[in-house]
There are 2 protein chains.
Amino acid sequence: MATIYEVSKLAGVSLATVSRVINNIDKVKPATRQKVLRAMEDLNYTPNSIAQSLASRRSNSIGVLIPELHGPFFGIMLSHIESELRDAGKHVMIMAGHSDEAKEKESLELLLSRNCDALILHVYSLTDEYLLNLSKGSVPIVLLNRLVAGMEDRCISLDNEHGGYIATKSLLELGHKSLAYISGPHWKVDSFKRIRGHKRALAEFGLEFDQRLMFEGTFEEESGKLGMEQLLQSGIPFTGVVCANDEMAAGAYNTTRKHGLKIPDDMSIIGYDDVAFARYLYPKLSSVTCHIDQMGLMAARSVLKYAYEKDNAAIQKAFKPSVMLRASVDKV
Amino acid sequence: MATIYEVSKLAGVSLATVSRVINNIDKVKPATRQKVLRAMEDLNYTPNSIAQSLASRRSNSIGVLIPELHGPFFGIMLSHIESELRDAGKHVMIMAGHSDEAKEKESLELLLSRNCDALILHVYSLTDEYLLNLSKGSVPIVLLNRLVAGMEDRCISLDNEHGGYIATKSLLELGHKSLAYISGPHWKVDSFKRIRGHKRALAEFGLEFDQRLMFEGTFEEESGKLGMEQLLQSGIPFTGVVCANDEMAAGAYNTTRKHGLKIPDDMSIIGYDDVAFARYLYPKLSSVTCHIDQMGLMAARSVLKYAYEKDNAAIQKAFKPSVMLRASVDKV
DNA sequence: TCAGAGAGTGTAAGCGGTTACATAATAGCT
DNA sequence: AGCTATTATGTAACCGCTTACACTCTCTGA
């Protein structure tokens, strides 16, 4: 790999001038610029971005820490973050935190030690306190799907309580009087809030929450199957089930059919997240759409604003999910 | 951020000694090591990996270039690459190439300029020649889902012709005599090879290939719908359809139902890739599984072998897809 | 007792750039 | 032409770390 030194020698100018040409800063006489470009071309030179980063204490790269690299949810988010930043000439360093405190911390430190200009964090295990403290450092951080007091302007958040509320409400409005709920792990704050919304909707319609119609799943398809199985066997009658994500809803479909029940005639089902495959299911799954593409986009824009002072695009911080009703639900 | 210099001053030793402690190389007297560790702790010091990388010309990071960040396929692959490498203390820099030559090249150069110790490339637009040339450079590269002559030992490849062959064959073995095919874009080599396998299976069973039963889709659900629509309207009778991926199969499900046909009674459908949601569909979608998890794993191991001389795990280079028959197909 | 070996540590020259500051070249004006 | 204000370029000190090499101490064994 050629270095800037070789370029400067070939072009007959100083290191500084080459650097100026590379970075397009300061004025360089057109003729000189040409000589340098020519030399760069001849040597097939690419600046070493590590060296640039060390010297300039900037890296043009944004660290992104998400729970997992797979899954329909994160992929979309990542994809939008990347394309927006790439269009702005920045690039992303992606790491997975696996919802594990040690790993999240380790990844975070690595991203920092790599001179990331900013960080987009979608983390579960790190505490509010830790994040708040981090946000006081010199590297701008943006939080995804989280709202931490004291740094609201850096949070792209989603109102999970509202999501749980509208999911349940949309079924109640169809006349359902008894609903089951398949939730995610209770310790996850997202799960917890959705449940709260569920209860609020029930209360609003004058219905009692029945603990026996609540199943705690894992967000995986298998637990949707299992949950539906247990709910049906409980003997408590219900005409609809609200699932805390689409995978579990897919599992619920499976069990429902196995019991000879028709969707939506005998059982209305609604999911959450509205991932791509919700529309592939038959009947098409109703779901709560979380605007993950938009959230990704806004995280990217926030970074452009806070880390690079590019303040030309509107930024939405707080998102409210909305319901997509499809063939999986019906009047009772 | 504290620097190595401050640590050395606080510990009362030289920079070199601190560096030795950090990297665990050479012998350092236990007492000295303690002093250094103590100082590091006190200053809450983390080595600046950019500087480490520049000085050592190594980065402990592997560049990964894939077509897209979203989609069920790439997510799984990425996920496996990342976890294997992470277990080995390495980390990944991920970029998306968007199947566009300019972007792929640009991303590649960025990864190189970031001192990546090795590269895992899943690219479509770069030519064999370019890749072969690249592989002669000093940075080890591993190719995913591609076989380039002259660098076979660096290729993790998948036999797409065979995949197309077994997909079709599995339907023919069930007694089908007339099959339609919904393919991906013909210019993509993967699509092309699968079609070739399809034709080979037909020939083997003494069946003529009928161009009118071939639809060129885009690998997206919508084109599966559209393709099935056109195929059904063509008037040529067929009892099964082979789809070049699962998304299009999902689309085909949709259209098939709309026409009042039952799956698998009236129409057998098989997909390709065997992504997660194939099992969520009803009836469960038969598919060709590509072992993408394994391919990701092997790519990671190859990197460990070629870039870090870790040669302890077996590496499989060539993969053959296999058929997963589920409820979406039946005897005719 | 002393040379030689080995262990432990320090010195200083990079790695490939950026950038404040100094200096040289040119342009603009009287 | 002469002087100043700009503009263009060069010089050299970093950025934070690694590492070849030199050096200083023990510790052996003859």
Under a 4.0 Å threshold between the charged nitrogen and the carboxylate oxygen, would A:R20 count as salt-bridged to A:D26?
yes
Taking 4.0 angstrom as the limit, do A:K105 and A:E109 come out as a salt bridge?
no
Which nucleotide in D:dT19, D:dC17, C:dG16 has an atom nearest any side-chain atom of A:N48
C:dG16
Identify whether any heavy atom of B:T32 sits under 4.0 Å from a base atom; if not, whether one sits that close to sugar-phosphate; answer base, sugar-phosphate or nothing.
sugar-phosphate
With a 4.0 Å cut-off, would you call A:R146 and A:D128 a salt bridge?
yes
Taking the minimum atom-to-atom distance to the side chain of B:S14, which one of D:dT11, C:dG10, D:dC15 wins?
C:dG10
Enter the distance from B:L85:CG to B:H80:NE2 here, rounded to the nearest 0.5 Å.
12.5 Å
For the pair made of CG in B:N60 and P in D:dC17, what is the distance, rounded to whole Å?
15 Å
Atom-to-atom span, OH of B:Y5 to P of D:dT18 - whole angstrom
17 Å
Give the nucleotide from the list D:dT11, C:dT18, D:dC17 with an atom nearest to the side chain of A:A16.
D:dT11
Rounded to the nearest Å, what distance is computed from the CD1 atom of residue A:I25 to the C1' atom of nucleotide C:dT19?
8 Å
Atom CG of A:D26 and atom C1' of C:dA22 are separated, to the nearest Å, by 14 Å
Winner on side-chain proximity to B:T17, out of D:dG16, D:dT9, C:dG10, is C:dG10
Interatomic distance where OH belongs to B:Y45 and C1' belongs to D:dG16 [whole Å]
7 Å
As a test of reading the structure: which of C:dT9, C:dT26, C:dG16 is closest to the side chain of B:K29, going by heavy atoms?
C:dT9
Could you tell me whether A:S19 contacts a base, only the sugar-phosphate backbone, or nothing, with contacts defined as non-hydrogen atoms closer than 4.0 Å?
base
Spacing between B:R57 atom CZ and C:dG16 atom P, to the nearest angstrom
6 Å
Base, sugar-phosphate alone, or nothing: which one does A:V18 contact when heavy atoms must sit under 4.0 Å apart?
nothing
Would the number of heavy atoms belonging to other residues, nucleotides or ligands and lying under 6.0 Å from NZ of B:K188 be above 12?
yes
Contact under 4.0 Å: B:S53 side-chain N or O vs C:dC15 OP1/OP2:
no
Does A:R58 reach a base, just sugar-phosphate, or nothing at all? Heavy atoms under 4.0 Å.
sugar-phosphate
B:G12 or A:L15: which one's nearest nucleotide on DNA chain C is closer to the 5' end?
B:G12
Can you tell which of C:dG10, C:dG16, C:dT18 lies closest to the side chain of A:Q52?
C:dT18
Looking at C:dT18, I'd like to know if its phosphate oxygens (OP1 or OP2) sit under 4.0 Å from a side-chain N or O belonging to A:N23.
yes
Which nucleotide in the set C:dT18, C:dT9, C:dG17 lies at the smallest distance from any side-chain heavy atom of A:S56?
C:dT18
What integer distance in Å separates A:K27:NZ from C:dA27:P?
15 Å
What integer distance in Å separates B:N115:CG from C:dC15:C1'?
9 Å
Is there a donor on the side chain of B:R20 or the base of C:dG10 sitting less than 3.5 Å from an acceptor on the other?
yes
Determine whether the aromatic ring centres of A:H122 and A:F74 lie less than 6.0 Å apart.
yes
